[in-house]
Structures are given as C-alpha cells and as structure tokens.
There are 2 protein chains.
Amino acid sequence: MELTERKRQILKVVVEDHIRTAEPVGSKTIAAEMTGKVSSATIRNELADLTEMGYLEQPHTSAGRVPSPKGYRFYVNELMERQSLSEDETERINESLQLRGGEMDRMMTQAGKALSSIVNYPTYMTTTRKRKLTVRRFDLLPVDGGSCIVVMMMSSNRVKSQLLQLQLQVEQDQLPALVNLLNTHFVNISLDDMNQRLMSVADQIPPQLFLLLSQAVNYAVEALEEADKREIVTAGASQLLKLPEFRDADKAHDLMSFLADSKESLPVLDDGPMKILIGPENVDEALKDTSVIIASYDIGDDMRGLIGVVGPTRMDYATVAARLSGFAEGLTRMFGKNLPPKEDTQS
Amino acid sequence: MELTERKRQILKVVVEDHIRTAEPVGSKTIAAEMTGKVSSATIRNELADLTEMGYLEQPHTSAGRVPSPKGYRFYVNELMERQSLSEDETERINESLQLRGGEMDRMMTQAGKALSSIVNYPTYMTTTRKRKLTVRRFDLLPVDGGSCIVVMMMSSNRVKSQLLQLQLQVEQDQLPALVNLLNTHFVNISLDDMNQRLMSVADQIPPQLFLLLSQAVNYAVEALEEADKREIVTAGASQLLKLPEFRDADKAHDLMSFLADSKESLPVLDDGPMKILIGPENVDEALKDTSVIIASYDIGDDMRGLIGVVGPTRMDYATVAARLSGFAEGLTRMFGKNLPPKEDTQS
DNA sequence: TTTAGCACTCATCGTTCCGGAGTGCTAAAG
DNA sequence: CTTTAGCACTCCGGAACGATGAGTGCTAAA
C-alpha cells in the first residue's frame, strides 16, 4: 500500500497545481512540471492508479484529476514541505500585531481580522480557560444608603465591579460584616459551590443581611458565568466570495451563515499546537467540503487562545499553516509581555 | 410638476411590484393590478411620462419599468402607507428582545442579529454618548505593597475597575491621601482637563505621590477613551447573498467587505427617530446602489443607540420601516426597565 | 516498463435562432 | 383631448447546435 516515490511526486504536483489554479490537473501539465523526465502517457498510467487508490478524483471522464480528501490528507501528512516565513511575511505579521490593547474581545476581533487578511481566508478566534475561574476577594464600597459598589478580584487577577442597587436600606455598619462574610465563605470556590454555600449559611445569619448577601453572591455568580462563557468571533467571511468554489451564492451563503450563527460548532483544538481538518474530517455537515486549520496560543493567566482558519479543501495548507503558526506565536509573545501586570478587566 | 392622481397610483404599483418581484414591471401587469379600469395602452402613455420625468427607468428599450432613486424617494415620501405591525410581528420582535443582558457589545450583537433575521437584511448597531463621560468618584483598594485596585464610578453610573501594578512600593497610609487627591481634583472633569490638571498639581505634591497619581489618572484617561470609542457591530451580512441583486459574487463581496471593514462610514442619524437614505443619497461610494434605514433608541444614562438596516434600493421600505421602528421602540423599552439599577460595567 | 499514437469523451464557448414580453406609434373611437 | 385597439419593432433569455480543445484510456511498439 506504500506509494512509490514517483507516485508521491505526482500526487504532490497534482495537489500543488490544483491548489494554485483551482482547476483539474492533466497529465501533460504534470509531465512538464515534474523533475524526472517521463512522458505524459506514463503519468496517465500512474494517475489511473492513484485514482483507483482513492487519492485522486475525476470530475468527469475527460477531465484532469483533482485531489480527494484522502489525497490532501496524504499531502499534508507526508508530502507537504514545512514552509518557513519570509522576511516580508514575518514583518507583516508582527506589524499586524501592534494591536492597541483594549478589551479582550476587541483585541480578538482585531487579531482575527489581521490574520484573515494575512491568509486570505475567514478566521475565527476563541479562548478557553484552563482552570475554573473563582473569586479571590470581595470588597464593598458604600455609595449611599440604597446602593453600593461590589468589587471582585478574580483568580485571574482581573477585577470586576458594578454598582449594586440594594433591595433594602443598609446601615453603614452592615457592610463590613457583609464583606467579611463574603471573604470567609465565598472565596476561591467554584460557581456551583457558591450557590450551595449560600443555602447553607441562610439560617445562620439575620435574614436582612442574608438578602444583601445573596444579592452580592448572585452578582458574583453572574459575573463568573459571563466570564466563563466561551466567546467566539469570526472575521473575514467575505474573503470567501473571492474564491472560485464560492462563486455560487448559495454555497457561499450556507458557509457564511454558518460562520455567523453557528460559531459554537466550529472545531476546537484540545491539545497540540496545530490541527488540520480536511473536508469530511469535519464533523459538522456545513464544513464537509471545507478545511480548517487551528492553532493555539497562550494568553497568560489561566487562559489559552484558539485561532482557526476556514477555507476550501483546496486551501494552501503549507502557506496557511506557516503563517498561522507564526501568527499564533506572535500572539503568545504579545500577550506574554502585555498581560502579566497591566490589562483591563470587566464589570 | 405635480403628479396626477393616476400617475401617483401607477408609480406606486410599479414600485411595490418591483419590490416584490425584483423584475421590471410592464404596462399589462400594472393595468391588471390597478383599481381604476384603464387599458395597458393608457398606462404605457403614463409610463412614458413618468420615465421622462425621471421617476422610472428602463433597463433596455423593450423591457418594463424600474423605479429610479427619485421614484423610490417619491414613493417613500408620498405614496408609501405607514404599515403597522401585525400581532405576529410584534410578538416576534418582543420575543427576540429577550436578550440576556450581558455586556453592552454582546447585547448589541445579539440585537443586531435578531433584527437582521426579522427584516431579512444586514443590520448595524452603534451608540453615541450625549454628554461627555466623566469620572464621578475614585476608590483605591490596597492589595499588597506593589499593587492596588482602582475603582472608578463614572458619570453614567457604570463602574470600572482594574488591578494596578504600582511602579513603586507604597506605604499603607499613602492610599487615602491619593484617593483624596483624586476625588478633589480629578472628578467630574473631561478627559482633556484631566491631563492638564495632572500637570498643574505636579509641583504641589511629593514626586513619589505624583508618580502614583499619574498612574491612576492615566488609567482613568484610558478608561474614558475606551468607553468613548464608538463601537459599531454589523450582523446578518450573509442575508445579502439571498437577494437577486447580490447573486453576483463581486458585488456581494464589495458590500460585505465594506460592512466588515468600513463600518465607521456607515451613515448615522443626528436627530429624528428615523431616516431613509436611498441609493445615491448615500455619500459613500460603496452604498450608492443600496438603501439604508436608520432609527435611534434610548439606552438610558446619557447614551443613544443607533440601529440601521442595509439593503438594495429595492428594499421593502414600508415593512422594514415598520419593523425597524417597532424594534427600536422595543429596545428603548428594554433598556428602560433594564438599565436604571442593574447593569454591568467594565474594567 | 515506457511511450507514441489514436480514437473517444465531454465541458466550454460562441453562434444562431426562436419566442415572448414589452414598447412606441398610429389611427380610430369616445 | 383622452383613451384604446392594433401593429411593427426591439431585445432579452433560453434552447439548439457545432466547433474546439483539453484530457483520457487503450493498444501496440520500443
């Protein structure tokens, strides 16, 4: 089942030619482009073999060959030469990473756009949290009798705060008690535990204080939930329309509305620095004839970022993979020096 | 220059027919759809007049008529009947406004999507601030010698906070002095004044304290700038691909990348509850043959929201206008009961 | 095993050729 | 003066056709 050296070479030429031209590749073209001198007839024999083995496909009897998903897979695994970035590319990437650090999701959007214009395909970005987020410390600042400010420092060192309209007037001296309660019982525990703990203290403190407490805890729970929500942003969807395989408006529409509305089911990367999913390897029906390349980067805190590129199966894997990993490294570097001390937080 | 009643009637039929079918409208069709009994020949005479007057256009000699921008404008101003929403539509809108209130931009995205699926066109949302945002109050919470938490309550009642890595060790007793300084000199003043004021106090306080002060003020300035930045989100761009006028991938691409990359130049609404821009009335080249409807809604605080719909000139003005204003009212209502007390804030 | 040769297939593209929808004009009728 | 029937004319869109050419598979010779 091993492929002969020549078959490998031919397959490689077919894949790379087709990636470049989007057209089926014929025996003559291949012969011209091959290093070893063989006639087109020989190539035709080999092509027939490769087709039978499932590496190539024929749109119709008298057309050239097109790589099958299996062909692309073989190409990616064995034939593709790991590209390194040119001076220009590196510079371009670094330049595009001069993001002015605003809020997290704004940065993500910017980065996604930047990458999209670098690889010329749509991209998506998301983050995952390595450990569960918890509250490390509470503070309450009095405003007036009817409201106060809750400040929470999270385990990620972010700080969230909000004005809390109290459900009942509060005496000045109740706040310290409340803070104390919060900081002894509701700190460094998971979201679920918080609710539980709230129940368990219910009958140990005055009902009035409990009301305030539960309000504060509820806010904390909401904030944790909010922060834990995996946010996904996509960018550059319109790039699709430049590709010959998406000239058909219906096809383009399907994929684009998938990218807009079903981001959640875009593939993720559990481990490793990079993953390539080719055509039907994607579980989602809408991605069955697209390919996805995903890479991960480090954000600091306990966060990990994911950045993916979506394209046709005819995607330029070598280039995209190189640029993507360069970009991911750039992101890691950027967050590395950007985050530790100074960064914004929320709510 | 006034149009006769019959001409008005004919123009109305042409516009509405063309909106429905996207095809040029012929004299026979019009005759059939008109209430008053006239022959197609009469209609043809009228059509010739209307064409000459610039209300209609002819794609080619032997085709039906298509409304010109001027025709649409006349339709919108004089002919269009103000639609009211059906039960179903109202319900649909209210349902779609059951947004779970997270952060502001997330809500905007959600609302934009919702509206887009209600009107079947791409939408965009943005907000403008009526008055300049200022800081109303500062707090500093000690963390350890090297860092503290800044908490700022804004004039909008939002609270922002962040962990501040201090550039030098700080004695416990310096913080109150710092807070005091902040709350006397840097409160309720504009962003520009803040920088100025910082200069002016420079030589009145110990340099060590000044360093801390300027760090805090800088953070405040950044936060204000960040909050003042007008953010625009678009949604539902892929809807375009379902429209016959955007079956052409290049046209679709142009508009879609405009929506993605040049959001800032989308039209805004300075006053009034709604504005309709038809084709060439748009200043931006990319919108020359699209129409835009914009409405505004109230967010509370000192914010005003804008929500716009982008579509072909053949947009269904009556329906979209009705749904859009219903949606805008819904948003105002939602923010009305949602915001005053409880809402999230940032950083 | 390779290759030249050849007949064959089939998508693509330009041409041509209707059919039909729609027009403008004319002349008669109201 | 306005409306309408009638008619010749225009022109788009689709079907039908054929030529072109890229590409194939097979055969037979090298």
Side-chain angles (χ1 to χ4, degrees), chain A residues 2-11 13-18 20-68 71 244-245 247-248, chain B residues 2-11 13-18 20-68 71 244-245 247-248:
Chain A
E2 268 304 319
L3 291 181
T4 66
E5 181 50 32
R6 194 169 62 192
K7 284 204 173 57
R8 294 166 64 99
Q9 212 180 127
I10 292 176
L11 180 53
V13 171
V14 172
V15 171
E16 290 178 353
D17 241 64
H18 183 253
R20 200 156 35 73
T21 63
E23 298 288 314
V25 190
S27 54
K28 226 166 142 187
T29 325
I30 302 172
E33 268 172 66
M34 289 258 298
T35 45
K37 292 276 186 334
V38 276
S39 79
S40 67
T42 314
I43 304 279
R44 276 202 290 284
N45 287 327
E46 297 283 51
L47 286 179
D49 287 357
L50 283 167
T51 308
E52 201 183 355
M53 289 188 241
Y55 293 101
L56 297 177
E57 283 167 359
Q58 228 170 348
H60 53 265
T61 340
S62 77
R65 300 308 207 286
V66 160
S68 68
E245 30 272 284
R247 305 246 51 172
D248 175 39
Chain B
E2 269 304 319
L3 291 181
T4 66
E5 181 51 33
R6 193 169 62 193
K7 284 204 174 58
R8 295 165 63 97
Q9 212 181 126
I10 292 177
L11 180 53
V13 171
V14 173
V15 170
E16 290 178 353
D17 240 64
H18 182 252
R20 201 158 32 76
T21 63
E23 298 288 316
V25 190
S27 54
K28 226 165 139 186
T29 326
I30 301 172
E33 266 172 67
M34 290 256 297
T35 45
K37 292 278 189 330
V38 275
S39 79
S40 66
T42 312
I43 305 279
R44 276 201 291 284
N45 287 328
E46 298 283 51
L47 286 179
D49 288 356
L50 284 167
T51 308
E52 201 185 352
M53 290 188 240
Y55 292 102
L56 297 177
E57 284 167 357
Q58 227 170 348
H60 53 265
T61 339
S62 77
R65 300 307 206 288
V66 161
S68 68
E245 29 271 284
R247 305 245 51 173
D248 175 39

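No hydrogens, no waters, no symmetry mates; every other heavy atom, side chains included, goes into these values. Quick note on labels: first sequence line is chain A, next is B, and so on, each numbered from 1.
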Quiz item: Asp49(B) CG to dT23(C) C1': how many Å, rounded?
Solution: 14 Å
Quiz prompt | For atom CD of Glu46(A) and atom P of dT3(C), their distance in whole Å | solution = 11 Å
Exercise. Find the distance Asn45(B):CG to dC1(D):C1' and express it as a whole number of Å.
Key: 12 Å
Quiz item: Are side-chain heavy atoms of Leu3(A) and Tyr55(A) found at a separation under 4.5 Å?
Solution: yes
Self-check item: Close side-chain approach of Glu46(B) and Leu11(B), heavy atoms under 4.5 Å
Solution: no
Self-check item: N/O (side chain, Thr61(B)) to phosphate O (OP1/OP2, dC11(D)) under 4.0 Å
Solution: yes
Quiz prompt | Atom-to-atom span, NZ of Lys37(A) to C1' of dT1(C) - whole angstrom | solution = 19 Å
Quiz prompt | Whole-Å gap separating C1' (dT3(D)) and CD1 (Ile30(B)) | solution = 16 Å
Quiz item: With side chains defined as the heavy atoms from C-beta onward, is the minimum distance between Ile30(B) and Asp17(B) less than 4.5 Å?
Solution: no
Quiz item: Is Ala41(A) touching bases, backbone alone, or none of the nucleic acid, heavy atoms closer than 4.0 Å?
Solution: base
Practice problem: Verify the contact: side-chain N or O of Ser62(A) to OP1 or OP2 of dG25(D), cut-off strictly under 4.0 Å; return yes or no. | Solution: no
Quiz prompt | Expected output: side-chain Thr51(A) to main-chain Leu47(A) donor-acceptor under 3.5 Å | solution = yes
Quiz prompt | Shortest non-hydrogen contact from Ser39(A) toward Ala31(A) | solution = C-CB, 4.4 Å
Exercise. For the pair Glu57(B) and Arg65(B), evaluate salt bridge (Lys or Arg N to Asp or Glu O under 4.0 Å) and give the outcome as yes or no after the intermediate values.
Key: CA-CA 6 Å; Glu57(B) 284 167 357; Arg65(B) 300 307 206 288; over 6 Å; no
Exercise. Return one dot-bracket line describing DNA chain D 5' to 3' (Watson-Crick or G-U wobble pairs, both distances under 3.5 Å; ( ) same strand, [ ] crossing, | another strand, . none).
Key: ||||||||||||||||||||||||||||||
Practice problem: May I ask you to decide whether Glu52(B) forms a salt bridge with Lys7(B), counting only side-chain N to carboxylate O separations under 4.0 Å? | Solution: no
Practice problem: Let me know the distance between CG of Leu47(A) and C1' of dT3(C), rounded to the nearest Å. | Solution: 15 Å
Practice problem: Measure the distance from CD1 on Ile10(B) to P on dT3(D) and round it to the nearest whole Å. | Solution: 10 Å
Self-check item: Closest-nucleotide ordering on DNA chain D, the 5'-leading residue of Thr51(A) and His60(B)
Solution: His60(B)
Practice problem: Between Arg6(B) and Arg44(B), just flag the one whose closest nucleotide in DNA chain D comes earlier from the 5' side. | Solution: Arg6(B)
Self-check item: Touch class at under 4.0 angstrom, heavy-atom based, for Thr42(B) against every strand present
Solution: base
Quiz item: Expressed in angstrom and rounded to an integer, what is the separation of Lys28(A) atom NZ from dA4(C) atom C1'?
Solution: 13 Å
